[in-house]
Amino acid sequence: MTTTQRVAFVTGATSGIGKATAIALAAAGFQVIGTGRNTARLTPLTGVTYVDLDVTSDESVAAALTQVIDRFGHIDVLVNNAGVGTTGAAEEFSISQTQDIFDINVYGVMRTTKAVLPHMRARGRGRIINVSSLSGFVPSPFMAPYVATKHAVEGYSQSLDHEVREHGIRVLLVEPGPINTPFAGHSVEADTPMPLYAAGRRNYDELIAKNLSSGDDPAVVAKVIVAAATDRNPKLRRTAGTTARTIDAVHRVAPARSFDRVIRRFNRMPS
Ligand SMILES: NC(=O)c1ccc[n+]([C@@H]2O[C@H](COP(=O)([O-])OP(=O)(O)OC[C@H]3O[C@@H](n4cnc5c(N)ncnc54)[C@H](OP(=O)(O)O)[C@@H]3O)[C@@H](O)[C@H]2O)c1
């Protein structure tokens with residue numbers, strides 16, 4: 001069976017931004033495939049077909065793609081949204097733990113992208129929307145491994161976009177600031193905590209809880225993603241939410257030394 005409807009494939013659609021995006025793309029007329037590691041437990045959403053997918057597994061990605069292409073025939077839009085945060089000082093993370101985080105946030109994006117690209121190239125069109133973050137272009141102390149993954153996603157996306165543009169495909173970035181989702185509760189805690197960072201970690205934990213609970217609704221990001229999926233003239237980067245917009249504007253104009261002070265103040269660190 002195939003469909004004439006536009007098809008969107010959203011990773012990490014079981015919660016937060018991914019779920020809101022699946023709902024918004026379905027409302028915009030897409031047939032949506034939403035993925036997560038265990039989707040059988042979910043309440044069905046109108047216009048969304050759930051498929052199991054673990055972005056850290058080549059086999060899982062291949063199996064999900066085969067299922068979707070067999071059923072719907074094509075994919076117009078891929079939203080690489082699945083991701084996890086990190087809590088702790090950089091020095092407190094083992095390399096093996098950091099590799100696991102990269103496996104989700106960076107190699108997960110690359111795996112899914114590589115699996116979808118041949119199908120998009122064969123049709124000469126498609127859009128890949130990678131959910132980065134404010135942390136994709138500015139520093140965030142006490143979440144360094146996460147920040148490193150999002151900076152990696154930015155570099156990968158912007159380079160890939162140039163390679164596939166002549167095949168009718170665009171690779172676009174959406175950069176949310178703090179959004180009210182269960183992200184903090186799902187974040188990976190450093191596996192080798194050190195007493196000297198305990199106070200900094202506590203400060204970070206309080207700050208992220210406060211920033212996320214007062215952050216924008218995930219529907220705000222979903223709206224930006226739908227725009228990225230449907231715009232006639234796509235924009236390479238789009239911030240999502242009030243904090244990301246404000247900090248992006250300051251980052252563009254502030255001298256490096258002043259911006260450094262903004263980051264320390266924003267993170268309640270001594271100047
Ligand atoms: N919330 C924010 O403030 C914020 C800000 C900037 C950027 N972001 C980014 O937005 C994206 C979504 O975050 P969120 O806030 O919506 O967090 P969330 O509610 O924790 O959602 C994370 C999603 O990722 C999926 N996921 C995690 N590990 C996976 C894996 N190995 N394979 C497949 N799916 C996996 C989860 O699905 P299952 O657990 O069901 O598998 C879930 O659907 C992330 O990339 C995050 O970095 C969030």
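Computed from a predicted model, the values in this text were never measured in an experiment. Whatever order the structure lists ligands and atoms in, that order sets their numbers, starting from 1.
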How does [X] reach ligand 1, if at all, at less than 4.0 Å between non-hydrogen atoms: by side chain, backbone, both, or neither?
X: Val55; result: both
X: Lys150; result: side chain
X: His186; result: side chain
X: Arg41; result: side chain
X: Leu53; result: backbone
X: Pro218; result: neither

Nearest-neighbour protein heavy atom for [atom], which is reported as residue plus atom name and distance:
atom: atom 47 (O) of ligand 1; value: Tyr146 OH, 2.6 Å
atom: atom 15 (O) of ligand 1; value: Thr181 OG1, 2.6 Å
atom: atom 25 (C) of ligand 1; value: Gly12 CA, 3.6 Å
atom: atom 27 (C) of ligand 1; value: Arg37 NH2, 3.6 Å
atom: atom 48 (C) of ligand 1; value: Ile17 CD1, 3.6 Å
atom: atom 26 (N) of ligand 1; value: Ala82 CB, 3.9 Å
atom: atom 21 (O) of ligand 1; value: Ser15 OG, 3.7 Å
atom: atom 7 (C) of ligand 1; value: Ser132 O, 3.2 Å

Would [X] count as a contact residue for ligand 1, given that I'm defining contact as a non-hydrogen atom of the residue lying under 4.0 Å from a ligand atom?
X: Gly177; value: yes
X: Pro178; value: yes
X: Thr11; value: no
X: Ser60; value: no

Whether [Y] and [X] form a salt bridge (side-chain N of Lys/Arg under 4.0 Å from carboxylate O of Asp/Glu) is what I want to check.
X: Arg252; Y: Asp248; value: yes
X: Arg170; Y: Asp161; value: yes
X: Arg111; Y: Asp54; value: no

[X] side chain to [Y] backbone, donor-acceptor under 3.5 Å:
X: Asn105; Y: Gly83; result: no
X: Ser133; Y: Glu175; result: no
X: Arg41; Y: Asn38; result: yes
X: Gln5; Y: Gly29; result: yes

Original post:
What do the steps show when you test Phe183 against Tyr146 for ring-ring contact (aromatic ring centres under 6.0 Å, His included), and what is the final call?
Top reply: CA-CA 12 Å; Phe183 176 81; Tyr146 174 76; 5.3 Å; yes

Original post:
Checking side-chain contact (heavy atoms from CB on, under 4.5 Å) against Phe9, which of Val68, Leu25, Asp76 comes through?
Top reply: Val68

Original post:
Taking the six-membered ring for Trp, are Phe142 and Tyr197 parallel (under 30°), tilted (30 to 60°) or perpendicular (over 60°)?
Top reply: perpendicular

Subject >> Ile179 N/O under 3.5 Å from ligand 1 N/O >> reply: yes

Subject >> Leu134, any N or O under 3.5 Å of ligand 1 N or O >> reply: no

Original post:
Got more than 12 heavy atoms from elsewhere within 6.0 Å of OH, Tyr156?
Top reply: yes

Original post:
If you draw a 6.0 Å radius around CG in Leu196, do more than 12 non-hydrogen atoms from other residues or ligands fall strictly inside?
Top reply: yes

Could you list which atoms of ligand 1 come closer than 4.0 Å to a heavy atom of [X]?
X: Asn81; result: 10 (O), 11 (C), 12 (C), 44 (C), 45 (O)
X: Pro182; result: 19 (O)
X: Leu212; result: 3 (O)

Original post:
If Ile, Leu, Val, Met, Phe, Trp and Tyr residues are connected whenever their side-chain heavy atoms lie under 4.5 Å apart, and connections chain through other members, are Val61 and Ile69 in the same group?
Top reply: yes

Subject >> Beyond-backbone contact of Thr149 with Ile101, side-chain heavy atoms, under 4.5 angstrom >> reply: yes

**OP:** Nearest heavy atom to atom 43 (O) of ligand 1 wins, so pick from Thr243, Thr14, Thr56.
**Re:** Thr14

Subject >> Options Pro176, Gly16, Gly83, ranked by nearest heavy atom to atom 22 (C) of ligand 1, top entry >> reply: Gly83

Subject >> Residues Arg6, Thr230; criterion side chain to side chain contact (heavy atoms under 4.5 Å, CB included); working and verdict >> reply: CA-CA 10 Å; Arg6 290 170 302 166; Thr230 54; 3.7 Å; yes

